[in-house]
Amino acid sequence: GNVLDGSISLDDKIKLMEKDLILDALRQSGGVQVKAASMLGINQRSLWHRIKKHEIDVSGIKHLQ
């Protein structure tokens with residue numbers, strides 16, 4: 001859809017994008033957070049905080065591999 005249609009705020013769009021990027025990196029890394037953090041260009045601690053913020057189940061991603 002149109003990114004400027006006003007149905008969702010900029011802050012919410014950024015949160016969704018961040019979560020999607022983290023999920024993609026975790027999937028590509030097989031759930032290995034060290035690798036995912038490196039792929040995202042952030043440190044492990046920052047990734048861990050973002051995983052908690054977005055309530056991402058890393059163990060569920062590991063089991064998909």
### Over all atoms of both residues, closest heavy-atom pair of Leu47 and Gln33
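Closest approach of Leu47 to Gln33: CD2-O, 3.3 Å.
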### Message
Less than 4.5 Å apart, side chain to side chain, heavy atoms only: is that true for Val32 and Leu26?
### Response
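No; the side chains remain at least 4.5 Å from each other.
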### Message
Could you tell me if the side chain of Lys53 sits less than 4.5 Å from the side chain of Glu18, heavy atoms only?
### Response
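Yes, close enough: below the 4.5 Å cut-off.
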### Task
Verify whether one side chain among Ser59 and Asp57 offers a donor that lies under 3.5 Å from an acceptor in the other.
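Per modelled atom types, Ser59 and Asp57 side chains form a pair under 3.5 Å.
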### Query
Cluster question for you: counting only ILVMFWY and a side-chain heavy-atom cut-off of under 4.5 Å, with indirect links fine, are Leu21 and Val58 together?
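Per the 4.5 Å side-chain linkage, Leu21 and Val58 are co-clustered.
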### Task
Consider only side-chain heavy atoms of I, L, V, M, F, W and Y, link residues closer than 4.5 Å, and tell whether Trp48 and Ile61 are in one cluster.
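In one cluster with Trp48: Ile61, no.
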### Query
If you measure from CD on Gln28 to CG on Leu23, what distance do you get to the nearest 0.5 Å?
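One finds 11.5 Å between CD of Gln28 and CG of Leu23.
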### Message
Measuring from atom CG of Leu16 to atom NZ of Lys19, what distance do you get when rounded to the nearest 0.5 angstrom?
### Response
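The CG atom of Leu16 sits 8.0 Å away from the NZ atom of Lys19.
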Got a list of side-chain donor-acceptor pairs under 3.5 Å for residues 38-45, not counting sequence neighbours?
from  : atom 1 : to    : atom 2 : distance (Å)
Asn43 : OD1    : Arg45 : N      : 3.1
Asn43 : OD1    : Ser46 : N      : 2.7

